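Below is one structure, written out as structure tokens, with a few remarks after it.
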Amino acid sequence: MATVAAPRRFCRCACFYTDNLYVARYGLHVRFRGEQQLLRDYGPILRSRGCVSAKDFQQLLAELEQEVERRQRLGPESAARKALIASSYHPARPEVYDSLQDAALAPEFLAAAEYSVSPGADLKGLLQRLETVSGEKRIYRVPVFTAPFCQALLEELEHFEQSDMPKGRPNTMNNYGVLLHELGLDEPLMTPLRERFLQPLMALLYPDCGGGRLDSHRAFVVKYALGQDLELGCHYDNAELTLNVALGKVFTGGALYFGGLFQAPTALTEPLEVEHVVGQGVLHRGGQLHGARPLGTGERWNLVVWLRASAVRNRLCPMCRCEPDLVDDEGFSDGFTREEPTTVDVCVLT
């Protein structure tokens, strides 16, 4: 008889269907629970941003209702897309679907991860192996992938983009990109990246944010190009911690900018700008307000990994700032669980 961890069922918080709905035209995140509530809570700021006529308001209502319906369909539709892609899609670079190898990772990243699990490792020693972008904001940077792996992954992503396979939106603010779990890259690439490499780093960098207890993630690639998404409004992530890796290509503009934590009243005073460097990843807290400046020319592709710790978010949803109201969902969902990990006894034949 052996004891193994039982599979965990991950959930969403019900606020996903009512809160933090992004209205790009007015540059605003809103809570939406009906027409009267929307008018009461956001009427003045909406009018100040151009929503002035009855027609404007009715159009906004229709868009919000459509977004709520889209969110309600996300789980089943994503599972259906993943199944179709697995059965019908033919990769251009099949090697990127192999289990993550050290050869794909930058030497600096390997060295930092190796140090993080060594006896006596501490924050001071780790910071000698990373670039500190802002000590005050706790933003760091380190090369993550080699240039050849970035190129191979980018070629695969472009091949998928040009295929006739169904595609989901990366998140509620980006319209162009790829969900890596739908493409089949979660198990071979993202899960080992989180478990073997990111968790030891984050445990030292962000112990107060669940860095040592990461148990799920949401990984996606976002694309910025002329005629498509050009910039990203100020927001915070549905994650305890975030990794943002620049994959390419050639572009100008598009710098990341960071304010304070979203709870802070002066959160966007003197934002810090960070330029993208291909292959390098920026590490930051999910609650750090940030966005992307407008793209000037070219195309920009970035891998974003939202890192989640159920032990933290089960107590307080990072989006509604309340005890989460859990709703069962597919896959890692939004990283909430109904209970702590359990174990079950199984028979092992020898």
Side-chain angles (χ1 to χ4, degrees), residues 10 12 16-17 20-24 63-98 145 149-191 193 216-233 235 237-239 242-249 251 254 292 295 298-306 329-335:
F10 289 92
R12 289 193 191 280
F16 179 72
Y17 306 108
N20 294 289
L21 278 69
Y22 185 57
V23 185
E63 290 174 0
L64 291 174
E65 290 167 353
Q66 183 179 23
E67 173 61 13
V68 170
E69 292 174 2
R70 185 191 73 84
R71 293 187 180 199
Q72 292 170 339
R73 299 192 305 267
L74 272 182
E77 289 185 352
S78 180
R81 286 192 297 267
K82 181 178 179 181
L84 179 59
I85 292 166
S87 65
S88 305
Y89 175 64
H90 300 289
R93 298 296 298 267
E95 68 272 18
V96 303
Y97 296 84
D98 294 338
F145 297 119
F149 183 79
C150 286
Q151 180 63 30
L153 179 58
L154 194 55
E155 288 177 10
E156 177 58 30
L157 294 169
E158 290 186 298
H159 177 71
F160 176 71
E161 181 192 42
Q162 294 160 9
S163 75
D164 59 1
M165 290 289 102
K167 302 166 184 71
R169 286 174 58 182
N171 56 62
T172 59
M173 294 180 70
N174 289 93
N175 296 297
Y176 299 91
V178 180
L179 289 160
L180 294 196
H181 77 276
E182 292 187 3
L183 193 53
L185 286 171
D186 244 8
E187 293 80 2
L189 178 61
M190 302 317 305
T191 295
L193 184 70
S216 72
H217 61 266
R218 178 178 174 85
F220 51 90
V221 172
V222 291
K223 176 191 176 187
Y224 296 85
L226 301 181
Q228 298 182 3
D229 291 337
L230 289 178
E231 60 188 308
L232 188 62
H235 66 285
D237 295 338
N238 186 358
T242 297
L243 167 69
N244 186 327
V245 183
L247 299 177
K249 305 165 97 177
F251 59 89
L295 189 75
E299 290 183 15
R300 177 168 72 81
W301 295 69
N302 282 62
L303 167 66
V304 178
V305 188
W306 287 350
D329 197 28
E330 306 285 339
F332 284 138
S333 187
D334 277 348

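What you see is a predicted model, and the numbers here were worked out from it, not measured in a lab.
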Could you go through the side chain to side chain contact (heavy atoms under 4.5 Å, CB included) check for V96 and L189 one step at a time?
CA-CA 8 Å; V96 303; L189 178 61; over 6 Å; no
Passes side chain to side chain contact (heavy atoms under 4.5 Å, CB included), V245 versus V305? Steps please.
CA-CA 9 Å; V245 183; V305 188; over 6 Å; no
Candidate pair H159 and E155, rule side chain to side chain contact (heavy atoms under 4.5 Å, CB included), full reasoning:
CA-CA 6 Å; H159 177 71; E155 288 177 10; over 6 Å; no
Stepwise, does the side chain to side chain contact (heavy atoms under 4.5 Å, CB included) test hold for L303 with L180?
CA-CA 9 Å; L303 167 66; L180 294 196; 3.6 Å; yes
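Residues passing the side chain to side chain donor-acceptor pair (under 3.5 Å) test with E67, sequence neighbours excluded: R70, R71. A search for ring pair (Phe, Tyr, Trp, His ring centres under 6.0 Å) contacts involving F145 returns F149, not counting sequence neighbours. Looking at residues two or more places apart in sequence or on another chain, you find a salt bridge (Lys or Arg N to Asp or Glu O under 4.0 Å) between K82 and E187.
Panel note: side chain R93, backbone L154; no donor-acceptor pair is recorded below 3.5 Å. The backbone N or O of N175 lies less than 3.5 Å from a partner atom in the side chain of D229, making a donor-acceptor pair. With H217 contributing its side chain and D186 its backbone, the two residues share no donor-acceptor pair below 3.5 Å. With S88 contributing its side chain and I85 its backbone, the two residues share no donor-acceptor pair below 3.5 Å.
Rounded to the nearest 0.5 angstrom, E158 CD and L153 CG are separated by 10.5 Å. From H181, atom NE2 reaches atom OG1 of T191 across 11.5 Å, with rounding to the nearest 0.5 Å. Within the model, atoms OH of Y176 and NZ of K223 stand 8.5 Å from one another, a figure rounded to the nearest 0.5 Å. Expressed to the nearest 0.5 Å, how far CG of L179 lies from CG of L74 amounts to 9.0 Å. Taken to the nearest 0.5 Å, the CE atom of M173 stands 10.0 Å off from the CG atom of N20. Interatomic distance, CG of L157 versus CH2 of W301, reported as 6.0 Å (0.5 Å rounding).
Closest non-hydrogen pair, S333 versus R12, comes out as OG-CG, 3.0 Å. Shortest non-hydrogen contact noted between L295 and Y224 is CD2-O, 3.6 Å. Nearest approach of M190 to A219, heavy atoms of both residues: CG-CB, 3.7 Å. For G177 against P170, the heavy-atom pair with the smallest separation is CA-CG, 3.6 Å. Listed here is the closest heavy atom pair of K167 and M165: NZ-O, 2.6 Å. Residue P76 comes nearest to E330 through the heavy atom pair N-CG, 4.4 Å, listed as atom of the first residue, atom of the second, then distance.
Side chain to side chain, E156 and Y97 meet the donor-acceptor criterion of an N or O pair below 3.5 Å.
Using a 4.5 Å cut-off on side-chain heavy atoms (C-beta onward), D334 and D329 make no contact. Counting heavy atoms from C-beta outward, S78 and E182 have side chains that approach closer than 4.5 Å.
Using bins of under 30°, 30° to 60° and over 60° for the plane-to-plane angle, the ring pair F160/Y89 lands in the perpendicular bin.
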